[in-house]
Every structure is written in C-alpha cells, then in structure tokens.
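What follows is one structure encoded as structure tokens, with my remarks underneath.
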Number of protein chains: 2
Amino acid sequence: MPAMPERTDAPTAEPAATGAPVAAGRNLLFLREEELRLAQDLLFFGYRDFTAGADQILAELGMGRAHHRVLHFVGRRPGITVGALLGILGITKQSLARVLTPLVEEEYVHQATGRSDRRQRLLSLTPKGQALERRLFERQREWVMRAYREAGPTAVEGFRRVMHGLMGPEARAQLEWLERPKG
Amino acid sequence: MPAMPERTDAPTAEPAATGAPVAAGRNLLFLREEELRLAQDLLFFGYRDFTAGADQILAELGMGRAHHRVLHFVGRRPGITVGALLGILGITKQSLARVLTPLVEEEYVHQATGRSDRRQRLLSLTPKGQALERRLFERQREWVMRAYREAGPTAVEGFRRVMHGLMGPEARAQLEWLERPKG
DNA sequence: CTGGTTTGGTCAGCGTCATTGACACATTTT
DNA sequence: AAAATGTGTCAATGACGCTGACCAAACCAG
C-alpha cells in the first residue's frame with residue numbers, strides 16, 4: 001500500500017468558498033471552520049478505529065457489528081423487550097430479526113416470556129453470550145483505556161460532555177434509561 | 001473469556017454516577033467498567049446522530065455516506081490522488097469506484113491528469129461539488145457547534161484529545177497529512 | 001528499447017445491514 | 001367481540017463493503 005499520500009501538488013488555486021475578501025472577521029470564521037472540519041475527521045477516524053478491534057473478532061465468528069450491538073445492549077439491560085431494543089437501535093424489526101434470530105438459535109441470547117405481559121419476549125444473555133460480549137468488551141476496553149490514559153481525566157470528562165452533546169433528545173432519553181439503576 | 005464479576009444485576013446496586021463513595025478495589029473496577037460501557041454508548045449514539053443530518057440531505061439526492069466522505073476528503077485536499085484517497089478511506093478501489101464514478105459523471109468531482117505523473121488522476125471538487133459539500137458541512141456544523149457550546153471550550157479540547165487517542169497510528173499519520181498546510 | 005511495476009479502471013459475484021410492505025398470530029385492552 | 005399491541009416472518013430492494021481477475025496507460029530500471 002502507498003505508505004503515504006504523495007504531495008502531488010494541487011492544480012486548483014483553492015477558490016475561497018464564497019470569494020470574500022480577507023478580513024479579520026473572516027479569519028475567525030475560517031479558524032472556526034477548520035476546527036469543525038477537524039471534528040469531522042476525528043469522528044470518522046476515531047469511530048472507525050474504535051470499532052475495528054471488535055469487528056475483527058466478530059468476523060471470525062461470521063458476525064457483524066449489528067450482532068455486537070445486540071449483545072451490548074441486551075447485556076446492559078437484561079430482560080429488555082424486543083420493542084425497547086428496537087427503540088434503542090433505531091432500526092426496523094425486520095433488520096433486528098436477521099441478527100437476533102441467529103443469536104437466539106446459536107444460544108447467545110435467551111428469550112423469556114414476559115410475566116406481566118406474555119406477548120413480550122424478555123431478552124438476556126446466555127453464559128455463552130456473556131462470554132462473547134465480554135470478549136468484545138475487553139478488546140474495546142483496552143483501546144479506549146489507552147486513549148483515556150493518553151488524554152488524561154480532564155479530557156475524558158470533556159469527551160463525554162461533547163459526545164453527549166452530539167446526541168439528539170431521543171438518544172439522550174435512551175441513554176438515561178440505559179444508565180438507570182435497576183429496581 | 002475471563003470469568004469476570006457477573007455483571008447481570010450487580011447485587012450491590014449503587015452505581016450512582018457521582019464519583020467514588022466506597023473505596024473498595026472491586027468497586028473501583030466496577031466503576032471503571034461502567035465508565036467504559038458509557039463510552040461505548042456515547043460513541044454509538046453520538047456518531048449516529050452526528051451523521052444523521054447529512055444522511056438526510058444525501059438521501060434526497062440518492063447518495064449515501066460514502067459519497068459524503070469522498071466529497072469531504074477531496075474538498076479537504078484538492079488535488080488528492082485516487083491512491084491517497086483510498087488510503088484515507090481504507091476501502092478497496094472497487095468500493096471507491098462505485099461512488100466516485102457517479103460523482104465524476106454527475107460533475108461533483110473533477111479529475112485532472114497529473115503533470116509529474118500522468119497516470120495519476122488528481123481529484124478536486126467542481127463548483128457543484130463544492131456547493132453540496134458546503135451544504136452537508138453546514139448541517140453538521142450546526143450540530144457540532146451546539147454540542148461544543150453546551151460542553152464548553154475545555155470539554156472540546158478534551159474531546160479532541162480522546163478522539164485522537166482512539167485513532168490508530170495509520171489514522172494519526174493520515175490526519176496529520178490532512179491538516180498539513182498547503183504550499 | 002524492453003520488460004516489470006505502479007496507477008487506475010472495470011467486470012462479476014458475494015456478504016452485511018439497513019429499508020419497505022404485507023401478513024400472521026397470540027395476547028391484552030377496550 | 002372487536003381493536004390495539006408485541007412479535008415474527010416472507011419477499012424485494014438498496015447502500016456499501018469485500019475478493020478475484022484482468023486490462024491499459026505510464027513510468028522506471030536494466
């Protein structure tokens with residue numbers, strides 16, 4: 001692979017976005033823009049590399065990221081209903097079924113009939129599912145811990161605040177529910 | 001698969017997010033784990049909602065996230081070669097072609113033959129491409145700025161540090177190249 | 001100049017993960 | 001009894017990755 005992109009020089013003279021004359025205010029705007037382009041880059045690269053480790057394990061088992069998400073959220077809220085899981089994942093039940101059905105058949109996930117409402121299927125991880133989820137978790141844990149250590153505790157707090165800010169109202173409510181202590 | 005503390009319902013249900021109440025070794029480990037599960041959640045929800053706005057615009061044009069990434073990185077480094085773009089995106093040329101060819105045909109992206117090496121195709125955005133990229137950028141800018149404002153400048157710096165830490169060495173080198181001043 | 005490598009393009013096929021629409025079934029609610 | 005809800009399933013579609021194979025143009029080294 002090409003070790004690094006070679007500096008092939010740009011043909012274009014980089015026509016300034018809206019052709020505005022150089023001014024002090026424009027400079028601030030420019031910096032602001034670069035700041036945000038950097039955020040885009042960071043999110044792209046960071047998220048990609050964050051998931052890469054788990055993806056590798058999953059691929060060996062013939063699974064994908066969708067399986068991981070199910071394992072993760074079912075592990076986080078054992079006894080979650082199918083409907084609640086759909087709400088968190090933000091996908092259709094057909095999409096979920098393609099992943100959940102095999103996970104149940106291969107005994108990673110257990111389904112129990114709801115006691116108050118017997119239409120519900122309460123999902124939880126089997127020991128086999130817990131083991132896989134843990135393996136995936138540990139892989140990502142190493143990766144995230146490395147980043148946390150490099151960045152320091154203050155940065156970690158800032159990271160959390162910004163990521164939370166990137167979430168919409170729906171996701172915020174769901175996150176709150178996820179973190180809610182049981183009982 | 002480490003036989004770890006069964007996380008399915010910790011009997012000591014006191015995961016109050018607020019700091020360290022009881023200082024037991026096991027407790028610290030528990031908090032550490034919750035911390036990381038939170039990071040997983042934040043990255044999942046945050047990244048999803050970060051991309052949602054642009055995805056909507058793209059869908060109206062019959063495009064997807066892959067198109068956006070090409071527009072973004074070509075816009076960031078006008079004159080970039082196909083090979084360099086492949087390296088940044090981390091995909092195969094067949095995958096890139098499916099997205100790049102239509103973008104060129106519909107005149108969002110311009111290809112110029114390299115002068116020093118005429119095998120190379122130097123990519124840049126046409127005015128049409130610049131307009132679309134800007135539209136997508138503005139949508140994400142609003143979203144990110146909101147998060148930045150909510151979180152504050154210190155948090156933003158921390159966010160950047162952690163996201164950078166989540167990147168692998170390759171991505172770090174590529175980010176450096178992307179940010180390198182032209183000329 | 002010739003032969004090997006690099007850059008890029010393309011065909012053909014496959015897998016994952018999402019979508020929509022339609023329908024079925026059990027159970028709960030009205 | 002009828003309606004609404006929770007879940008499952010069939011069929012078709014699309015976006016976005018992948019591999020393997022092969023080709024052409026251009027560059028580069030002997």
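Below, each value reflects all heavy atoms present in this structure, side chains not excepted, and no hydrogens, waters or symmetry copies. Labels below follow one simple rule: chain letters A, B, ... track the order of the sequence lines, proteins then strands, and each chain is numbered from 1.
- A cation-pi arrangement is present between B/Arg37 and A/Phe137, with the terminal nitrogen or guanidinium carbon under 6.0 Å from the aromatic centre and inside a 45° cone about the axis.
- Toward the 5′ end of DNA chain C lies the nearest nucleotide of B/Gln111, the other residue of the pair B/Gln111 and A/Arg65 mapping further downstream.
- Straight-line distance from the CG atom of B/Leu58 to the C1' atom of D/dC16: 13 Å, rounded to whole Å.
- Taking 4.0 Å as the cut-off between side-chain N and carboxylate O, B/Glu33 and A/Arg134 count as a salt-bridged pair.
- Following rounding to the nearest Å, A/Leu96 (CG) and C/dA18 (P) show an atom-to-atom distance of 9 Å.
- Look at CZ on A/Phe44: it is 13 Å from C1' on D/dC16, rounded to the nearest Å.
- Considering only the side chain of B/Ile91, D/dC18 comes nearest among C/dC17, D/dC18, C/dT10.
- Between B/Gln120 and D/dA25 there is no side-chain polar atom (N or O) within less than 4.0 angstrom of OP1 or OP2.
- Put simply, A/His67 has no side-chain N or O that comes within less than 4.0 Å of OP1 or OP2 on C/dT16.
- Within the 3.5 Å criterion, the main-chain N or O of B/Arg98 finds no donor-acceptor partner in the side chain of B/Thr101.
- Closest-nucleotide positions on DNA chain D for A/Gln94 and B/Met63 were compared, and the one nearer the 5' end corresponds to A/Gln94.
- In summary, the side chains of B/Asp41 and A/His72 do present a donor paired with an acceptor at a separation below 3.5 Å, with no hydrogens or angles considered.
- Between the side chain of A/Arg98 and the base of C/dA18, a donor-acceptor pair under 3.5 Å is found.
- In this structure, B/Arg121 does not reach the D/dA24 phosphate: none of its side-chain N or O atoms is under 4.0 Å from OP1 or OP2.
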Original post:
Should B/Tyr148 and A/Arg32 be marked as a side chain to side chain contact (heavy atoms under 4.5 Å, CB included) after you check the CA-CA gap, both sets of side-chain angles, and the distance that decides it?
Top reply: CA-CA 11 Å; B/Tyr148 275 15; A/Arg32 177 85 97 209; over 6 Å; no

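- When the P atom of D/dA15 is taken as reference, atom CG of B/Leu89 falls 18 Å away, rounded to whole Å.
- Summarising the geometry, the separation between CG on A/Leu100 and C1' on D/dT9 is reported as 13 Å, rounded to the nearest angstrom.
- A straight line from CG of A/Leu122 to P of D/dG8 spans 11 Å, rounded to a whole angstrom.
- The phosphate of D/dC16 (OP1 or OP2) has no side-chain N or O of B/Ser95 nearer than 4.0 angstrom.
- The ring of B/Phe44 has its center closer than 6.0 angstrom to the ring center of A/Phe73.
- Nucleotide C/dA18 holds its C1' atom 13 Å from the CG atom of A/Leu86, rounded to whole Å.
- When the nucleotides C/dC11, D/dC16, C/dA18 are ranked by their closest atom to the side chain of B/Arg69, D/dC16 comes out on top.
- In this structure, the side chain of B/Gln174 engages the main chain of B/Gly87 through a donor-acceptor pair within 3.5 Å.
- Rounding to whole angstrom units, CZ of residue B/Arg48 and C1' of C/dA18 are separated by 13 Å.
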Original post:
What does nucleotides 24-30 of chain C look like as a protein-contact string, B for base, S for sugar-phosphate only, - for none, at under 4.0 angstrom between heavy atoms?
Top reply: --BBS--

